[in-house]
Amino acid sequence: HSRRSMTHIYCLLNLSFIVIFCICFFLVYSEELPTYKSMPKGQAVPKVERAEFNGNPDSLFFNDGKRRIDFVLVYEDESKSASEKKGSVMRRRQRRREFFEGSLMNMGVELEATQSVVDEKLVYVKVHMPFEVLCTYAEVLHIKLPIQPNDLAPQSSAYNCFTHHFYPSEDVIAKEADFFTAPFQKDQLKCFWVKDREQFFTPAMRSRMAYYILSRAPYDVKGNVKKFGFNKLLDGGVYKAAYPLHDCRFNVKSKEPDCPNERFLLYNEWAHPKSFYKMQPLDLIRKYFGEKIGIYFAWLGFYTVMLTLAAAVGLGCFIYGYTTRETSTWSKEVCDPRIGGEIVMCPQCDEICPYWRLNTTCESSKRLCIFDNYGTLVFAIFMSVWVTLFLEFWKRYQAELEHDWDTVEFLQQEEQPRPEYEAKCIYERVNPVTQETEKVPYTACGKCMRVSCGIGTVLFWVLLIIASVVGVIVYRLAMFITFSSKLRSELYNRKELEPFKEYVTPQMATSITASIISFIIIMILNSVYEKVAIWITDFELPRTKTEYENSLTLKMFLFQFVNYYSSCFYIAFFKGKVVGYPGQPVYWLGSLRNEECDPGGCLTELTTQLSIIMTGKAIWNNIQEVLLPWVKNLMFRHCTQVGSEKVIPRWEQDYRLQPIGKLGLFYEYLEMVIQFGFVTLFVASFPLAPLLALFNNLCEIRVDAWKITTQFRRVVPEKAQDIGAWQPILQGVAILAVATNAAIIAFTSDMIPRLVYYWAFSVSPYSDGSDHTMTGYINSSLSVFNIADFKETIRPSEEITPYRDFRHPPSHPNQYDFSIYHWHVIAAKLAFMIVVEHIVYFTKFMLSYMIPDVPEALKEQIKRERYLTQVILHETNIKHFKELMKPIADNLQNEIEEPELDLTL
């Protein structure tokens, strides 16, 4: 009887457990989320509660001082507007706004409206997310929250020990507490570390969930068609702005006792110029602005630190070239009056160009020696290794950030669709994963059409850039003739300009003016193409925001790559390569003679082009990023100036700031990746590029920090695991950089011809000498031409023979054909490029293989934390289940004990 009773108890317990589990499952998973839920027909639209400003400028709460403001909507009251717009438009706006706000309240969101202190036409609608609503959407967004303090010892490294002294003091910015975390589940609230319901969700989390609801709340319903999302209302003028609040002023602490003053701390310890030497407080940046902005500044800071080594080596290479420019054998031969002064060169254009002595290019030759030396070769190989180390070590650092910021398991499947995507879901398809029917905005044919349209548009704009490059080339050809005929005469005839005649050559003047024009064209095409790229991506309708940004990133970078680098590729690999020889030059468009390189070489022109574009781009970007927002805010404050006796609330102070823009950090990443291309693709011609980039980035970090902290409204925090599509783009640029630098050294510089002369043609049988030497290189690099072979239409007015090439002399049976020297040089160039490429690529591959993306210690720690998290959740669930079952077990035990007592009696 006792055994049967115990069996009966166990069966009842199991049955009770199953019933309770099913009830909980039904309550949790059958509950329909309030998102997109519109008000039933016939239900009156609830009115938003109105409240007067309570006079506290630092308050982040409703007037009751308890409900926190998670988001702010701003609109212009139509009844007080002096606008002459049609009444129907104003009534439609008002109807949509009231319906939208009613939908929000129907979802459980609480609203409070306050009239502006500065402008009585403006109304600020404050949004508050109650705890129950936060719990619902924390589960929808898979937000990870703490379940127990992490008692594992943190990993430390030698790098952290070195940089520890440059971090802000922990007395100022307290270290963040470390917790075991798990994706939030509403039915398991007791498993989580809830000490204070109001502090459980951080302000960044609350703003993120508020943005999610606002993006999906309906504002109009017509039949089965629902229109939703506050972004459409912003575009339509229903609302003027929407933003989360900063917690205080950037330069003054809040008087609220519980305010963390994180904005004030970020300004003083990060954005202020006095903190330029300090390491970035990345944990606080991530906590205040979100992981997406945190990962950007982490990447920018890591890139800047790695640039320090590249800049130091590049500066050493430049100093070496500068100190050896006077002792270079070929430079001394050019400048020697007895060698270069006796060589009179062929004209560089038809009819009007004069003959010129080689020693007039003395300064150009010395400038070339600064960049075209053996140190440049070593530096180019070093940079190929450096870029591999940069990318590999960044992956390791990124893995540490993913672990510290709880984004290790942030999967794309967790990312919710964009509201613009969901609004156009009218077709059905079977999901290949779940095998369930789902709504999509287009068919397979429609998607193919959209993608094809986007590809066609991008190719059209790329061809437009190439056409603009051709236009600049035509300008070069035409202006070179003009400068050749007029510039020299001006310099020689005017005594005050005589000191510049050694420095200002027709080639240099043409190169500088063409570079400036090219830069202006780049900026104009950029501004136009940005709008086109956004329109194409909107038309393609990507599903998630990550897919949208990746698609836009690819389009923009492809365009920017061609736009910024096309002129550099032309100078490096095409200019001066197909020019013919004096008696038979190559013409463009039938009349414009193809331009030759500067007498100092095309490498000097490439350096000039890079320096102008990099410097101009940095100045232009700083004007756009610093000056424009500051001027706009200054003008807005001046136009809305009020009496000093009026107290302005926090939400109104933030409204005076500039909006961050829909694409957020996209342009910041683009600017840095374009710079990364200049630093790596053409570094063989400009060793100072890493140093310029380093100085720019040291300013860029603080400028971006100052801008985002002081001049812009607070951004909506977003999750991010990595830098997205920029990572494979950086890897592609790194691979291409090996080929471009090897080609620059082989085909643009004079290093290979000099090496061929030194090892082969300076000794027997090509020369009388027995020792390898560079003496006589200048004469060996020149060919001679008989002026009698000039055509009458291009015959110059004077007589002389040498020109720069490796061809047979007029007396040779194969006159003016390429000599054996030429083919030796070509073979050496190809061999050099192939060997160097393979060695560097092999080194890059070995480094990538030897350096794991995730440190082994970090892997073990992640596994350990994951295991302990599962144990904690399991034990908490068992404890919670025991608490639920204890009353049932006690009742069953009492019911069984009573019959046994009766039987005993």
Side-chain angles (χ1 to χ4, degrees), residues 166-169 172-173 203-204 243-254 259-305 307 615 617-638 650 653-672 675 692-718:
F166 297 96
Y167 279 100
S169 172
V172 179
I173 299 180
Y243 50 89
L245 288 180
H246 283 295
D247 63 350
C248 64
R249 297 173 65 182
F250 71 87
N251 55 354
V252 179
K253 280 190 174 183
S254 173
C259 181
N261 293 299
E262 291 173 347
R263 187 189 184 196
F264 175 80
L265 293 176
L266 286 171
Y267 175 71
N268 276 316
E269 301 296 327
W270 177 48
H272 198 282
K274 69 179 182 181
S275 303
F276 74 95
Y277 65 94
K278 293 183 180 180
M279 300 295 288
Q280 302 182 88
L282 294 175
D283 288 336
L284 184 59
I285 297 170
R286 170 249 182 175
K287 180 183 177 183
Y288 191 76
F289 292 114
E291 286 80 4
K292 195 166 191 176
I293 287 183
I295 201 75
Y296 163 72
F297 281 104
W299 175 82
L300 181 56
F302 185 83
Y303 171 47
T304 304
V305 170
L307 273 176
T615 306
K617 183 173 177 292
I619 295 173
W620 176 256
N621 286 335
N622 285 326
I623 290 175
Q624 282 189 314
E625 294 179 6
V626 179
L627 193 59
L628 289 182
W630 181 77
V631 170
K632 287 181 180 179
N633 287 335
L634 187 65
M635 293 175 61
F636 187 81
R637 285 195 296 268
H638 178 73
R650 170 83 268 137
Q653 295 175 37
D654 285 4
Y655 178 67
R656 294 179 165 194
L657 302 177
Q658 293 297 307
I660 193 66
K662 292 183 179 180
L663 297 180
L665 294 171
F666 174 79
Y667 296 108
E668 309 297 337
Y669 273 117
L670 183 63
E671 176 187 352
M672 288 295 103
Q675 181 206 87
L692 293 180
L694 175 64
F695 288 148
N696 177 76
N697 289 6
L698 290 173
C699 298
E700 184 74 20
I701 291 175
R702 305 303 163 179
V703 165
D704 286 348
W706 175 82
K707 177 180 64 177
I708 200 173
T709 307
T710 67
Q711 301 301 307
F712 285 91
R713 299 167 189 160
R714 188 173 182 176
V715 299
V716 179
E718 295 182 55

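Partners of Glu668 according to the salt bridge (Lys or Arg N to Asp or Glu O under 4.0 Å) rule, which considers only residues two or more places apart in sequence or in another chain, are Lys707. Partners of Glu671 by salt bridge (Lys or Arg N to Asp or Glu O under 4.0 Å), not counting sequence neighbours: none found. Checked against side chain to side chain donor-acceptor pair (under 3.5 Å), Glu291 has the following partners two or more places apart in sequence or in another chain: Arg286. Every side chain to side chain contact (heavy atoms under 4.5 Å, CB included) that Ala705 has, sequence neighbours left out, goes to Trp270, Ala271. Take Lys278 and apply the side chain to side chain donor-acceptor pair (under 3.5 Å) test, not counting sequence neighbours, and it matches Glu269. Residues passing the ring pair (Phe, Tyr, Trp, His ring centres under 6.0 Å) test with Phe289, sequence neighbours excluded: none. For the salt bridge (Lys or Arg N to Asp or Glu O under 4.0 Å) test, residues two or more places apart in sequence or in another chain that qualify with Arg650 are Asp654. In this structure Gln711 satisfies the side chain to side chain contact (heavy atoms under 4.5 Å, CB included) test together with Pro629, Trp630, Asn633, Trp706, sequence neighbours excluded. In this structure, the side chain to side chain donor-acceptor pair (under 3.5 Å) partners of Tyr296, at least two apart in sequence or on a different chain, are Asp704. Judged as a side chain to side chain donor-acceptor pair (under 3.5 Å), and not counting sequence neighbours, the contacts of Asp283 are Trp405. The side chain to side chain contact (heavy atoms under 4.5 Å, CB included) search around Pro717 returns Ala204, Ser207, not counting sequence neighbours.
A distance-only check finds a donor-acceptor pair linking the side chain of His246 to the backbone of Phe712 [under 3.5 Å]. Looking at Arg713, its side chain does come within 3.5 Å of a backbone N or O of Leu657 through a donor-acceptor pair. A donor-acceptor pair under 3.5 Å is absent between the side-chain atoms of Arg714 and the main chain of Pro244, judged by distance alone.
For the ring-ring contact (aromatic ring centres under 6.0 Å, His included) test with Trp299, the passing option among Phe297, Tyr303, Phe302 is Tyr303; the others fail.
One distance of note links CZ of Arg702 with NZ of Lys274; it measures 12.0 Å at 0.5 Å rounding. Atom CG of residue Leu665 and atom CD1 of residue Ile295 lie 11.5 Å apart, to the nearest 0.5 angstrom. Separating the CD atom in Gln675 from the CG atom in Asn696 is a distance of 5.0 Å, to the nearest 0.5 Å. Rounding to the nearest 0.5 angstrom, the gap separating the CD1 atom in Ile293 from the CD1 atom in Ile285 is 9.5 Å.
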Side-chain donor-acceptor distances from residues 260-267 under 3.5 Å, at least two apart:
unit_1 : atom_1 : unit_2 : atom_2 : d
Asn261 : OD1    : Ser254 : N      : 2.7
Asn261 : ND2    : Cys259 : O      : 3.3
Glu262 : OE2    : Lys287 : NZ     : 3.1
Arg263 : NE     : Thr709 : O      : 2.8
Arg263 : NH1    : Cys248 : O      : 2.9
Arg263 : NH2    : Thr709 : O      : 3.0

